[in-house]
Amino acid sequence: RDRITIHREYGSLPQVECHPGQINQVFMNLLLNAAQAIHETGEVWIRTASQGEKVIIVIKDNGCGIPEANLPKIFDPFFSTKKVGEGMGLGLSISYGIIQKHGGTIHVSSHDDQGTEFTIELPVKWSGA
């Protein structure tokens, strides 16, 4: 729909050894959460960069944000800030596991009513491929 403007800031990236379907699932989970956090109109930024032997992907939105008290729990299985029936609380937990399995990290920064930013770092070379 026209309610969300997506800003793409793609840097030049090397080929990354990974399971592309799993990494795609992480991106889809983060983008779906961003869209759901924007209640009316808003913006999502997707930035990529290469840094040494790793790539960095940042997905940021200007949605409702995550309360600070919930931040330590957002990667826990079945934790959800959504109403009952609106989410299972598995998307971020699964995403966290996928990124860890690929030797990477995922971090979150968020403030109530100011949006959320997820930063993923993945190694270019992965021993599990």
Side-chain angles (χ1 to χ4, degrees):
R1 296 186 211 163
D2 293 332
R3 69 182 193 89
I4 298 174
T5 301
I6 299 181
H7 304 276
R8 297 168 183 88
E9 301 170 22
Y10 300 149
S12 178
L13 298 180
Q15 292 268 338
V16 175
E17 294 176 359
C18 67
H19 289 297
Q22 291 179 6
I23 299 301
N24 184 55
Q25 181 178 1
V26 171
F27 297 152
M28 291 306 298
N29 285 341
L30 296 178
L31 291 169
L32 178 61
N33 283 356
Q36 291 173 343
I38 298 169
H39 299 298
E40 304 223 356
T41 60
E43 300 177 273
V44 172
W45 292 264
I46 305 168
R47 293 190 311 268
T48 64
S50 179
Q51 189 176 70
E53 289 297 308
K54 62 185 172 183
V55 295
I56 313 237
I57 304 101
V58 177
I59 298 176
K60 178 181 177 181
D61 66 68
N62 66 348
C64 62
I66 302 167
E68 189 174 338
N70 290 340
L71 286 175
K73 302 178 271 190
I74 64 164
F75 295 116
D76 293 351
F78 304 108
F79 177 78
S80 179
T81 59
K82 297 173 186 160
K83 295 177 186 170
V84 174
E86 289 184 6
M88 303 253 325
L90 292 174
L92 289 178
S93 175
I94 289 168
S95 296
Y96 184 86
I98 289 170
I99 296 301
Q100 275 200 319
K101 186 172 96 174
H102 281 80
T105 60
I106 182 169
H107 301 282
V108 63
S109 172
S110 186
H111 300 284
D112 242 351
D113 298 322
Q114 294 181 23
T116 300
E117 178 176 292
F118 284 92
T119 302
I120 298 169
E121 295 184 11
L122 286 170
V124 172
K125 301 225 179 281
W126 174 51
S127 61

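It should be emphasised that the depicted structure is a prediction, and the values quoted were computed from it without experimental measurement.
- Every residue two or more places apart in sequence or in another chain was checked for a side-chain hydrogen bond (donor to acceptor under 3.5 Å, both in side chains) with Q25, and none qualifies.
- Minimum heavy-atom separation, P20 to C18: CD-O, 3.1 Å.
- Linking ILVMFWY residues whenever their side-chain heavy atoms come closer than 4.5 Å, directly or via other members, leaves Y10 and M28 in distinct clusters.
- The backbone N or O of G115 lies less than 3.5 Å from a partner atom in the side chain of S110, making a donor-acceptor pair.
- Not counting sequence neighbours, the partners of K101 by the side-chain hydrogen bond (donor to acceptor under 3.5 Å, both in side chains) test are Q22.
- Taken to the nearest 0.5 Å, the OG1 atom of T119 stands 10.0 Å off from the CG atom of L30.
- In this structure the side chain of F27 reaches within 4.5 angstrom of the side chain of I23, judged on heavy atoms.
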Could you pull out every donor-acceptor pair under 3.5 Å between side chains of residues 44-51 and any protein atom, sequence neighbours left out?
residue, atom, partner, partner atom, Å
T48, OG1, G11, N, 2.9

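- For NZ of K73, the number of neighbouring non-hydrogen atoms (other residues, nucleotides, ligands) closer than 6.0 Å is greater than 12.
- Of all heavy-atom pairs between P72 and A69, the closest is CD-O, 3.5 Å.
- One finds the CD1 atom of I106 at 5.5 Å from the CD1 atom of I99 (value rounded to the nearest 0.5 Å).
- Among residues at least two apart or in separate chains, ring-ring contact (aromatic ring centres under 6.0 Å, His included) pairs with a member in residues 102-121 are H19-H102, H102-W126.
- Counting non-hydrogen atoms of other residues, nucleotides and ligands closer than 6.0 Å to CD of E53 gives a total of 12 or fewer.
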Tabulate below the donor-acceptor pairs under 3.5 Å that side-chain atoms of residues 54-68 make, not counting sequence neighbours, or state none.
residue, atom, partner, partner atom, Å
K54, NZ, E121, OE1, 2.9
D61, OD1, G63, N, 2.7
D61, OD1, T116, N, 3.4
N62, OD1, E43, N, 2.7

